[in-house]
Amino acid sequence: MMKATIGLFLSLVTHSTGMISFSDHVQDHMVLQQSPQKSGVFGTLNTTSAAANPTVIATVAPVGGASYQVLGKVTGNNWIAYLRPTSAGGNYTITVSCNGCSPDGPNTIFINDVTFGDVWYCAGQSNMELPLIHTISRNDSLKAIKEGQFNNIRIHQIRTIDWSTALNATTQMNKQEGLPILFDYSSTCYYFGQELSRLMGESAPPIGLIHVAVGGSMVQEWTSNKTSSECSNVTLSASSQSLFDSNVVPFSQMTLKGFVWYQGENNMGGLFGNSEYASGYSCAVPKMVAEWRSLFSQEPGTTNPDAPFGLVTLAPSGTEGHPDIGGMYFAQTASYGDLPNAAFP
């Protein structure tokens, strides 16, 4: 136990020197998107202590292979280093040094046990947020992981679960109930990854799952106000755009395979509208999808501008006391009734 505690302490120390730091979501055990896309590691500099023109260099060292270096890009107090497109698998240490951040010499940080695979971003409200502990298949998943299945899956949950392999998530316990942290993870996001892995069989790459959902949230909170205002009959409030700023933008420099979205209950009381007339929920969801795809694909060669976007329709019980669940189903598909379509490709 002491050895594990010391190892965790040292790992946390290496993620920041005070002069240069990784993003909170760039950690040990993470999955980076495999080739043909390129992935980046990114973070911040302490510009008050940095030289006028600091340089950032990332060294990528695979276990049992030759290392290489790439020059990072510094913009203000932010940096990013794009790595070479890399095939699935592997075990990499990524070291990042800042020359000019300190008069005492280079400042160096690193992350370990990084692999490449497919990275999926899961968002929405409580439908997505519901943890595995409240599902009837949780013990089946726990047993399967311990027996060696689905160990290609790695999970990350904003603010509560650092990047972890599925196996480690079965042995690391939460402080509240003494249960595996796997049971605290989004059930929809995890079961999506598990089923995807099962269907791909032996060809399944490492699968990285990022969960950022927030219970009770509305689609307007996940979209910029500028984009939401392009749809009539979509009400903006003080909380609109808040989750776009806190739970979307901080991940936008990550290269993704695709997105999974499960939301709608808290928009049941609004106008469902019609995407053709740019009104209501039917307009808001495809506008959000287009904004996310554009945001994550700003750097050429990273996330595909047409990255897959999986949408989960609401359960029949998800009306929040409002009528017309059928109308919501129609609105979730941008008023076409099926996906993909012209408004929601």
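These numbers come from a predicted model, not from an experiment.
- Taking CD from Q125 and CG from L314, the interatomic distance works out to 7.5 Å, rounded to the nearest 0.5 Å.
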| request: Could you walk me through whether F22 and W79 pass the ring-ring contact (aromatic ring centres under 6.0 Å, His included) test, one step at a time? | output: CA-CA 9 Å; F22 284 113; W79 64 268; 5.8 Å; yes

| said: Determine whether T303 and Q37 satisfy the following criterion, side chain to side chain contact (heavy atoms under 4.5 Å, CB included), listing intermediate values before the conclusion. | reply: CA-CA 7 Å; T303 302; Q37 284 83 18; over 6 Å; no

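- In Y68, the OH atom is crowded: over 12 heavy atoms of neighbouring residues, nucleotides or ligands sit closer than 6.0 Å.
- A donor-acceptor distance shorter than 3.5 angstrom exists from the side chain of T223 to the backbone of V219, with no hydrogens or angles considered.
- Remark: side-chain polar atoms of Q253 are not paired, donor with acceptor, to backbone N or O of G40 under 3.5 angstrom.
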| task | Any chance you could lay out the side chain to side chain contact (heavy atoms under 4.5 Å, CB included) test for N151 and T165, step after step, and finish with the verdict? | result | CA-CA 7 Å; N151 286 334; T165 64; over 6 Å; no

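- With rounding to the nearest 0.5 angstrom, the CD atom of Q220 is 9.5 Å from the SG atom of C231.
- Side-chain atoms of D118 never come within 3.5 Å of backbone atoms of P205 as a donor-acceptor pair (strictly under, hydrogens ignored).
- Remark: A144 pairs with Q149, F150 by the side-chain contact (heavy atoms from CB on, under 4.5 Å) rule, at least two apart or across chains.
- A donor-acceptor distance shorter than 3.5 angstrom exists from the side chain of E291 to the backbone of S224, with no hydrogens or angles considered.
- Ring planes of W222 and W261: perpendicular class, angle over 60° (limits at 30 and 60°).
- Stacking of R293 on the aromatic ring of F309 is not recorded, the 6.0 Å distance cut-off and the 45° axial limit not both being met.
- Below 30°, between 30° and 60°, or above 60°: for H156 and F251 the angle between ring planes is between 30° and 60°, a tilted geometry.
- A salt bridge links E299 to K38: at least one charged side-chain nitrogen sits closer than 4.0 Å to a carboxylate oxygen.
- A donor-acceptor pair under 3.5 Å is absent between the side-chain atoms of S137 and the main chain of D140, judged by distance alone.
- Formation of a donor-acceptor pair under 3.5 Å by the T115 side chain with backbone atoms of G89 is found in this model.
- Using a distance-only test at 3.5 Å, with no hydrogens or angles considered, no donor-acceptor pair links the side chain of E221 to the main chain of V214.
- In this structure, Q33 contributes its side chain and V119 its backbone to a donor-acceptor pair below 3.5 Å.
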